[in-house]
Amino acid sequence: MANRKKGYIMFLSILCVFLLAGCGKDTQNSRWREGYIAIKKEESALPTPRMDGEVQGIYCQVLGRQFHHGETAQICAVRDGDSLEIGVYGEDGAWETLLSDAPAEYRTRWYLGKDGVGYALTGKTVIRVEGGEETCRWELGTVERGFCELPDGRAVALLYEEDKGAWLVCLDPVTGDVSRWGNVALENAPNQAISVRDGQVLVMDDTGVWKTAEEQGDSSGGQETGREYVMPFGTAYRPGDGVEDFRVTEDGRVEVLKRSGTLQRLELCAPEEVVVARMWYLDRWMEGCVNRFNNENGKYYVLVEQSEDQMDWSGMNEYQSRTAVEIATGAGADIVFSDALGEVDELIEAGAFENLVPYMERDGVREEEYFPGAFDVWKKDGNVYGACPVLAMTGRWLDERFIGEEESKIEELVDTMLAYDEEKVIFHTSWDGGLILNYFLSGTDDLWGMVDWEEGKCDFEGKLFARMLEVSKRYADDNTGRYHAMSDWLWTSSAYRFKTEVSRDYLKGEGKVPVGHFFDDGWHMGLHETNSTIVAISATSSNKEGAWEFIRYIMSEEVQASHKYESDYVSHRGAFEWVMENAMEEGPMIDKPNGMGKWFLVDGVDYYELGEEAYRELYTPTEEIIGEIRGHLEEARPFSLRTAPILRIIQEETGAYFAGDKEAEEVIGIIENRVGLYLKERQ
């Protein structure tokens with residue numbers, strides 16, 4: 001026991017060193033924890049502009065929406081025949097004309113200043129109109145992204161270029177000058193808007209509202225705009241999406257006018273109401289779950305932290321390591337998603353996650369209502385450390401020359417591969433020997449009898465492990481592209497794709513035998529941790545009840561039944577039946593002209609080329625297909641958590657063998673010693 005505690009302390013110490021050395025940058029997490037960290041949203045529609053005496057040939061077009069003298073105003077263009085009139089439609093329905101007989105170039109976006117001054121914003125040009133006449137014109141040279149007027153009559157524009165970033169310029173109506181105020185050092189510049197309060201320009205982006213310096217002067221060098229924290233919103237709410245104008249009230253509310261014609265009033269949550277969720281990527285379904293939870297739940301608000309560069313996979317390991325550090329040191333999010341973590345076995349061993357069983361028993365969440373994978377992936381000693389609302393299954397097919405129709409034992413497959421002496425083949429494209437060996441070992445809890453957990457002993461010196469090493473080296477890909485693969489993935493990612501990807505009868509015609517993974521009790525599909533949506537509660541969370549409330553919400557049958565047309569499968573048995581029944585009735589979605597939102601073509605196959613009837617026959621889920629999927633979900637297995645440290649040892653030591661630097665006997669001896677020591681420390 002002392003050695004085990006020592007191992008945990010060492011693990012946490014390494015994580016702390018990593019935190020101090022490499023994780024000190026300004027992350028979303030650190031910004032959001034500076035003060036109040038979330039919002040509640042109230043939304044209402046603006047009145048629709050209607051012109052008195054509207055008849056055929058007269059139309060009204062909204063050119064802009066903004067706050068003006070404490071009220072909402074909508075700037076509109078009204079055309080009557082050849083005449084174009086620009087004016088303001090107020091909250092009370094009153095109409096105020098700004099410009100009669102306006103030229104065509106004025107039918108663009110507008111901003112209303114004080115004392116009846118208007119600004120026509122035509123992209124790279126700003127035109128000031130006062131008393132029905134043009135009084136000033138500024139050529140900006142680049143596209144304007146945001147606009148406001150200062151109390152002294154000057155105007156400020158936000159400009160942006162992809163290679164230069166964003167900056168503010170001041171427009172003087174007296175001199176006609178354009179002076180640069182400085183750069184705006186915020187993210188997502190195209191999604192920003194600007195406003196003014198008490199003579200100070202505020203900038204809104206996807207992370208919140210920020211103050212700029214009150215007066216920067218003519219800084220030709222472009223000094224950085226101040227980033228004084230006002231209020232962050234988080235990614236569950238995206239203010240940059242269609243914002244026309246916003247204002248920050250004296251009581252700390254933020255009100256936003258959207259291009260959709262809605263007014264949103266945003267209110268701060270108290271810290272104890274906020275649940276912070278960390279993930280790599282917020283997919284469409286989970287984003288909908290977060291937003292619905294925040295709108296429906298009267299007590300808690302989920303704030304999402306996600307990677308700023310989801311498509312840059314090179315940064316995923318660093319992001320996952322940083323998340324592990326924060327969780328291990330008690331400084332992380334309340335909820336952690338599996339895609340934000342890499343190896344979790346040591347975190348679970350160290351008690352980094354909350355056991356969900358007491359919450360489930362208290363609130364009547366019964367495992368029997370779900371497929372086994374819902375609570376089995378991160379289960380240890382009867383404790384549940386993660387829940388899976390969405391399950392991803394993966395397996396493999398093997399060339400029929402290497403495996404029969406009946407289930408074979410691992411020894412039989414290895415022997416067949418060793419005896420094969422026909423054309424040169426590889427196991428899987430781009431796989432090295434280490435990945436092949438890991439496939440042989442990842443599904444077994446005792447590494448095919450080579451590990452005795454009760455006695456704390458191991459034996460890797462038998463024939464099986466040596467033969468696995470030889471096979472893994474022989475069938476590794478040399479990356480020349482010259483050889484065919486004898487195996488590839490089976491991804492049961494969609495009921496529409498299942499027939500072509502997994503169905504035994506369909507694959508048989510191509511000489512492929514779907515086998516899944518080798519587990520101790522036979523072949524099964526494996527539960528893929530990265531693609532599955534696994535959610536856990538940090539053991540050091542300050543809001544465990546709020547975190548559980550959200551997990552219980554996304555695990556409910558009603559919410560899971562909304563997982564329509566998404567990848568992979570819901571874990572609630574009742575929700576699965578409802579989703580599959582609808583998939584079977586509707587068939588594949590065909591993107592016909594003017595189709596009602598049917599945006600998805602299976603595998604990118606054009607049904608015009610295949611023929612609509614053949615397309616539907618191929619991709620429409622049947623009761624038989626759904627039965628196969630259901631069977632796989634009932635039988636799918638998680639990979640062993642407790643063998644993960646041993647597999648890492650094996651991967652580390654066999655690298656020298658696969659590189660040709662050491663003989664198999666030497667490597668096996670080292671593995672035997674290291675694994676034996678590891679097992680003794682656990683006794």
Check: Got V201 and W181 here, is their nearest side-chain heavy-atom distance under 4.5 Å?
Finding: yes
Notebook entry, point to check: Got a sec, which residues hit salt bridge (Lys or Arg N to Asp or Glu O under 4.0 Å) with R292, two or more places apart in sequence or on another chain?
Noted result: none
Note to self: Tell me the closest heavy-atom pair linking P389 and V535, and the distance in Å.
What the structure shows: CD-CG2, 4.3 Å
Next item on the list: Report yes or no: does D177 contribute a side-chain atom to a donor-acceptor pair with the main-chain N or O of D172 at less than 3.5 Å?
Entry: no
Check: Does NZ or CZ of R128 lie under 6.0 Å from the centre of the six-membered ring of W138, at an angle within 45° of the ring axis?
Finding: no
Note to self: If I take atom CG from residue D245 and atom CE from residue M204, how far apart are they, to the nearest 0.5 angstrom?
What the structure shows: 9.0 Å
Check: With no hydrogens and no angle check, is any side-chain donor or acceptor of T97 less than 3.5 Å from a backbone partner on L99?
Finding: no
Next item on the list: Using salt bridge (Lys or Arg N to Asp or Glu O under 4.0 Å) as the criterion, list what pairs up with E545, not counting sequence neighbours.
Entry: R362
Margin query: What I want to find out is whether R109 reaches E244 closely enough, with some N-O distance under 4.0 Å, to be called a salt bridge.
Written below: no
Item checked: Side-chain heavy atoms of F147 within contact of L171, under 4.5 Å -> yes
Next item on the list: Find out whether E96 and Y89 are in side-chain contact, i.e. whether some heavy atom of one side chain is under 4.5 Å from a heavy atom of the other.
Entry: no
Notebook entry, point to check: Counting distance only, does the side-chain N/O of T329 pair as donor-acceptor with the main-chain N or O of V325 below 3.5 Å?
Noted result: yes
Check: What are the two closest non-hydrogen atoms of V117 and E149, and how far apart are they?
Finding: CG1-OE2, 4.3 Å
Notebook entry, point to check: Going by the angle between their ring planes, with limits at 30° and 60°, are H563 and W285 parallel, tilted or perpendicular?
Noted result: perpendicular
Checklist line | Closest non-hydrogen atom pair between A333 and E305, with its separation | finding: CB-OE1, 4.4 Å
Notebook entry, point to check: CG/L257 to CG/L46 distance, rounded to the nearest 0.5 angstrom?
Noted result: 5.5 Å
Check: When you measure from the side chain of E354 to the backbone N and O of L356, does any donor-acceptor pair fall under 3.5 Å?
Finding: no
Notebook entry, point to check: Does any N or O in the side chain of K544 come within less than 3.5 Å of the main-chain N or O of A539, such that one atom is a donor and the other an acceptor?
Noted result: yes
Next item on the list: Measure the shortest side-chain to side-chain distance between Q560 and V390 over non-hydrogen atoms and say whether it is less than 4.5 angstrom.
Entry: no
Check: With a 4.5 Å limit on heavy-atom distance, are the side chains of N297 and E549 in contact?
Finding: yes
Next item on the list: Mind listing the closest non-hydrogen atom pair of K124 and V143 along with its distance?
Entry: CG-N, 3.9 Å
Note to self: Please determine whether side chain to side chain contact (heavy atoms under 4.5 Å, CB included) holds for the pair L263 and V256, giving the CA-CA distance in whole Å, both sets of side-chain angles, and the decisive distance to 0.1 Å.
What the structure shows: CA-CA 6 Å; L263 169 62; V256 183; over 6 Å; no
Note to self: Taking the side chain as everything from C-beta on, heavy atoms only, tell me whether L84 gets closer than 4.5 Å to R107.
What the structure shows: yes
Note to self: Please tell me whether T108 and W110 have a donor and an acceptor in their side chains that are separated by less than 3.5 angstrom.
What the structure shows: no
Notebook entry, point to check: Is it the case that more than 12 heavy atoms not belonging to E133 sit under 6.0 Å from its CD atom?
Noted result: no
Margin query: A side-chain contact here means heavy atoms from C-beta on lying under 4.5 Å apart; do V129 and L98 qualify?
Written below: no
Item checked: Short side-chain to backbone donor-acceptor contact, T323 and A340, under 3.5 Å -> yes
Note to self: Using a strict threshold of under 4.0 Å (side-chain N to carboxylate O), is an ion pair present between R278 and E326?
What the structure shows: yes
Check: What is the distance from atom CG of N294 to atom SG of C289, rounded to the nearest 0.5 Å?
Finding: 11.0 Å
Check: Does the gap between the ring centers of Y319 and W280 come in under 6.0 Å?
Finding: yes
Notebook entry, point to check: With sequence neighbours excluded, what pairs up with A536 under the side chain to side chain contact (heavy atoms under 4.5 Å, CB included) test?
Noted result: F353, W378
Next item on the list: For side chain to side chain contact (heavy atoms under 4.5 Å, CB included), just list the numbers for S179 and C170, CA-CA rounded to whole Å, side-chain angles, deciding distance to a tenth of an Å, and then say yes or no.
Entry: CA-CA 5 Å; S179 59; C170 183; 3.5 Å; yes
Next item on the list: Rounded to the nearest 0.5 Å, what's the gap from CD1 on I534 to CG on L341? Could you check?
Entry: 9.5 Å
Check: Does S195 reach the main-chain N or O of F246 with its side chain, forming a donor-acceptor pair under 3.5 Å?
Finding: yes
Check: Does a salt bridge link R284 with E287, judged by any charged N lying under 4.0 Å from a carboxylate O?
Finding: no
Margin query: Show, in sequence, the C-alpha distance, side-chain angles and deciding distance for E296 and Y553, and conclude whether the side chain to side chain contact (heavy atoms under 4.5 Å, CB included) test is met.
Written below: CA-CA 11 Å; E296 297 170 7; Y553 176 80; 3.3 Å; yes
Check: Do you know which two heavy atoms are closest between C148 and V196, and how far apart they sit?
Finding: SG-CB, 4.3 Å
Next item on the list: Look only at the side chain of E85 and the backbone of A102, and say whether a donor-acceptor pair between them is shorter than 3.5 Å.
Entry: no
Check: Within a strict 4.5 Å, meaning less than it, do heavy atoms of the Y300 and F293 side chains meet?
Finding: yes
Note to self: For L112, is there any backbone N or O sitting under 3.5 Å from a side-chain donor or acceptor partner on Q66?
What the structure shows: yes
Check: What distance separates R180 CZ from L168 CG, expressed to the nearest 0.5 Å?
Finding: 9.5 Å
Margin query: Holding to ring pair (Phe, Tyr, Trp, His ring centres under 6.0 Å), I want the full list of residues that pass it with F67, two or more places apart in sequence or in another chain.
Written below: none
Item checked: side chain to side chain contact (heavy atoms under 4.5 Å, CB included) between D334 and S542, worked out -> CA-CA 7 Å; D334 303 293; S542 60; 4.2 Å; yes
Check: Just by distance, with hydrogens left out, do T142 and E161 show a side-chain donor and acceptor under 3.5 Å apart?
Finding: yes
Under 3.5 Å, which donor-acceptor pairs link side chains of residues 68-75 to any protein atom two or more places apart or in another chain?
unit_1	atom_1	unit_2	atom_2	d
T72	OG1	E91	OE2	2.9
Q74	OE1	R65	NE	3.2
Q74	NE2	P47	O	2.8

Notebook entry, point to check: Would a distance-only check, ignoring hydrogens and angles, find a side-chain to backbone donor-acceptor pair under 3.5 Å from N295 to N291?
Noted result: yes
Notebook entry, point to check: Would you call the rings of Y119 and Y111 parallel, tilted or perpendicular, where under 30° means parallel and over 60° means perpendicular?
Noted result: tilted
Next item on the list: Sequence neighbours left out, what passes side chain to side chain contact (heavy atoms under 4.5 Å, CB included) with E134? Give chain and number order.
Entry: Y106, I127, R137
Next item on the list: Would you give the length of the straight line joining atom CD of Q320 to atom CD of E343, rounded to the nearest 0.5 angstrom?
Entry: 9.0 Å
Next item on the list: Mind listing the closest non-hydrogen atom pair of P173 and G153 along with its distance?
Entry: CG-O, 3.5 Å
